Amino acid sequence: MEEKKLEEKIGKIPPVIFKELKETDPPDLYGKVMGGLDQVIWADGALSRQTKKVIAIAIAAALRDGHAVRAQMAGAANLGVSKEEIEEGLRVAFLLAGGMPAYVHGKTALEEYLGNRPKK
């Protein structure tokens, strides 16, 4: 159940990741991540959940982590984050994280994720 809630927030996660996390030392790491830390990190606070999601996408793009970019975009869609908001976040990554490669990586993932969906 906790895994389903997390996937609603950030997108599809391969089951092997949860399995490995459950088996990791210390054994209670899974419970801490899934039970409390995740909820604290993603909750509305000084930053909205939507803003945090844009930050997460920009970080994932800067790290060139294709799975994380796609997963965070799926979570962003669930929160109603717009294409324009994501693109703006990617421009920040472009400026601060090595320029063009981070932007191109994120922009390509965004276009693949959105496909031919109409603009809002």
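FYI, the numbering just counts along the sequence from 1. Everything numeric in this text was worked out from a predicted model, so none of it was measured.
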Decide side chain to side chain contact (heavy atoms under 4.5 Å, CB included) for Q72 and K52; before the verdict, give the C-alpha distance in whole Å, the side-chain angles of both, and the deciding distance to 0.1 Å.
CA-CA 10 Å; Q72 294 301 326; K52 290 177 183 183; over 6 Å; no

Grouping ILVMFWY residues whenever side-chain heavy atoms fall under 4.5 Å, the cluster of V40 otherwise contains none

Connected via hydrophobic side-chain network under 4.5 Å: I55 and W42:
no

Over all atoms of both residues, closest heavy-atom pair of Y113 and A74:
OH-CA, 3.3 Å

Nearest heavy-atom approach of V69 to A109 is CG1-CB, 3.3 Å

Using atom types as modelled, flag every donor-acceptor pair under 3.5 Å from a side chain in residues 85-96 to any protein atom, sequence neighbours excluded.
{"from": "E85", "atom 1": "OE1", "to": "S82", "atom 2": "N", "distance (Å)": "2.7"}
{"from": "E85", "atom 1": "OE1", "to": "S82", "atom 2": "OG", "distance (Å)": "3.2"}
{"from": "E87", "atom 1": "OE2", "to": "K107", "atom 2": "NZ", "distance (Å)": "2.3"}

For A43 and R49, the nearest pair of non-hydrogen atoms, with its separation, is C-CG, 3.9 Å

Counting only N and O atoms by type, is there a donor-acceptor contact under 3.5 Å from the side chain of R70 to the main-chain atoms of A68?
no

Heavy-atom closest contact (Q50 atom, D44 atom, distance):
OE1-OD1, 4.4 Å

With sequence neighbours excluded, tell me which residues meet side chain to side chain contact (heavy atoms under 4.5 Å, CB included) with I41.
L37

Starting from L114, can I reach I57 by hopping between I/L/V/M/F/W/Y residues whose side chains sit under 4.5 Å apart?
yes

